There are 2 protein chains.
Amino acid sequence: MVNSDHPQSGSSAPKDHDPTSQHCDAALARAFSFLGKRWNGVILGSLVTGGAGFSELKRRVEGISDSVLSDRLSELQGVGLIIRTVQEGPPVSVSYALSHAGAELIPVMSALGAWASVNFVAHSD
Amino acid sequence: MVNSDHPQSGSSAPKDHDPTSQHCDAALARAFSFLGKRWNGVILGSLVTGGAGFSELKRRVEGISDSVLSDRLSELQGVGLIIRTVQEGPPVSVSYALSHAGAELIPVMSALGAWASVNFVAHSD
DNA sequence: ATATGTTACTAGTAAAAAGATAGTCACTTG
DNA sequence: CAAGTGACTATCTTTTTACTAGTAACATAT
C-alpha cells in the first residue's frame with residue numbers, strides 16, 4: 001500500500017513556482033495507486049473499445065491469467081472505474097464496461113498511446 | 001537499438017476496425033510495461049518539476065525505499081526516459097533529469113493528474 | 001583525528017504480488 | 001451423455017517489491 005497520508009503537504013516548495021505541479025503530484029500518486037499495478041492500465045485500455053465479458057477481456061489483454069484478471073477487475077470495479085453488469089437468463093453472462101470516470105480516462109490513454117508510439121521504441125528487457 | 005517500424009502506422013492496410021484503438025492498445029501495452037510498475041509513474045511525475053539528486057528524489061517521492069528508488073532509476077534510465085549525470089568533484093553528486101522522451105510525457109502526466117483530481121477525489125472508504 | 005551526518009548507492013532477506021494450473025458451476029452443443 | 005464455453009475461485013510456485021543494513025567518499029563538529 002502506498003502512503004495514504006501526506007505528511008509533507010503544506011509549506012514545502014523546493015524549487016517550483018507552479019502550484020499545478022504540487023496538486024498534480026498528489027493526484028498523480030493517487031492515480032498511480034492503481035495505474036501502477038501490472039495490468040490495470042492495459043485492462044482499462046482494452047475496455048475503451050467497448051464493454052466485454054470475462055473471456056473476451058482475457059483474449060483482449062492477451063497474456064493475463066484468470067486469477068489476475070479477476071482480481072484486477074474487482075479492484076477496478078472497487079474504485080469505480082468499471083461497471084460489472086450481469087445479464088441473467090439461460091446463459092448467465094457478465095459484462096464489464098468503463099464507468100463515467102473510466103471513460104474520462106480515454107483521452108489520457110490515447111495521449112499516452114500516442115506518446116509511446118513516438119517516443120518509446122521497443123526495448124528488450 | 002532504435003526500432004522505428006510500426007506495423008500499424010502509415011496507411012498500409014486500413015482495417016475494418018478503428019485503427020486508432022488498435023495502435024493505441026499496442027502502444028499502451030508498451031507504455032505500461034514500465035508505467036505499470038509500482039513507483040515509475042510517481043518518480044517520473046516527481047521529475048517534471050526539475051532534475052534532482054538521489055536523496056531529494058527520495059524526499060519528493062516520499063515513501064519509496066533506497067533500493068527500490070535505485071532500481072527504478074536504473075530502469076527508467078535504461079529505457080531512456082531519464083538521464084543520469086554525475087558531477088565529479090570533492091563531493092560527488094548525481095543528478096537525474098527527464099530526457100527528451102521523458103519530457104514529452106509531462107503533458108500526459110498533467111492530464112492524468114487532472115483526471116485524478118476530478119474523478120478521484122478523496123475517497124473515505 | 002575520530003565521531004556523526006550526508007549523499008549515493010549495493011546486499012540480503014522477507015513479504016506481497018503475479019502467474020500457472022486446475023477445479024467448480026451453469027448452460028449449450030454434438 | 002460427453003465435451004465445450006463463459007465466469008470465476010483455489011491452490012501452489014515464481015517473480016517482484018520492500019525494508020533494514022551496510023559501504024564508501026566527503027563535510028562538519030569536537
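Bear in mind the structure is a predicted one, so any value in this text is a computation, not a measurement.
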Student: Scan for salt bridge (Lys or Arg N to Asp or Glu O under 4.0 Å) pairs involving residues 36-45 of chain A, sequence neighbours excluded, and state none if there are none.
Tutor: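 For residues 36-45 of chain A: A/Lys37-A/Glu75.
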Student: I need a per-nucleotide contact map over nucleotides 3-9 of chain D, read 5' to 3'. Cutoff is protein heavy atoms under 4.0 Å; write B for the base, S for backbone only, - otherwise.
Tutor: ---SSBB
Student: Note the angle between the end axes of the helix from C/dA1-D/dT30 to C/dG30-D/dC1, five pairs defining each, rounded to 10 degrees.
Tutor: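 End axes: 10° apart.
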Student: Would you list the protein and nucleotides 14-17 of chain D atom pairs, both N or O, that sit under 3.5 Å from each other?
Tutor:
{"residue": "D/dT17", "atom": "OP2", "partner": "B/Arg72", "partner atom": "NH2", "Å": "3.2"}

Student: A/Glu88: what forms a side chain to side chain contact (heavy atoms under 4.5 Å, CB included) with it, not counting sequence neighbours?
Tutor: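 With sequence neighbours excluded, A/Glu88 shows a side chain to side chain contact (heavy atoms under 4.5 Å, CB included) to A/Val86, A/Val92, given in chain and number order.
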Student: Who pairs with A/Arg60 by salt bridge (charged side-chain N to carboxylate O under 4.0 Å, His left out), at least two apart in sequence or on another chain?
Tutor: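 Applying salt bridge (charged side-chain N to carboxylate O under 4.0 Å, His left out) to A/Arg60 gives A/Glu56.
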Student: Mind checking what makes side chain to side chain contact (heavy atoms under 4.5 Å, CB included) contact with A/Ala101, not counting sequence neighbours?
Tutor: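 With neighbours one apart ignored, the set is A/Leu81, A/Ser99, B/Asn119.
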Student: Could you pull out all residues at least two apart from B/Asp71 that satisfy salt bridge (charged side-chain N to carboxylate O under 4.0 Å, His left out)?
Tutor: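 For B/Asp71 there are no salt bridge (charged side-chain N to carboxylate O under 4.0 Å, His left out) partners, ignoring immediate neighbours.
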Student: Can you name the side chain to side chain contact (heavy atoms under 4.5 Å, CB included) partners of B/Val68, sequence neighbours left out?
Tutor: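 Partners of B/Val68 by the side chain to side chain contact (heavy atoms under 4.5 Å, CB included) criterion, ordered by chain and then number, come out as B/Trp39, B/Ile64, B/Ser65, B/Arg72.
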Student: Please check: side-chain N/O of B/Asn40 versus main-chain N/O of B/Phe34, any donor-acceptor pairing under 3.5 Å?
Tutor: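 Answer holds: yes.
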Student: Mind checking side-chain hydrogen bond (donor to acceptor under 3.5 Å, both in side chains) for B/Ser70 and listing every partner two or more places apart, or none if nothing turns up?
Tutor: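 For B/Ser70, no residue satisfies side-chain hydrogen bond (donor to acceptor under 3.5 Å, both in side chains) once neighbours in sequence are set aside.
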Student: Taking only residues two or more places apart in sequence or in another chain, which ones pass side-chain hydrogen bond (donor to acceptor under 3.5 Å, both in side chains) with B/Gln77?
Tutor: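 None.
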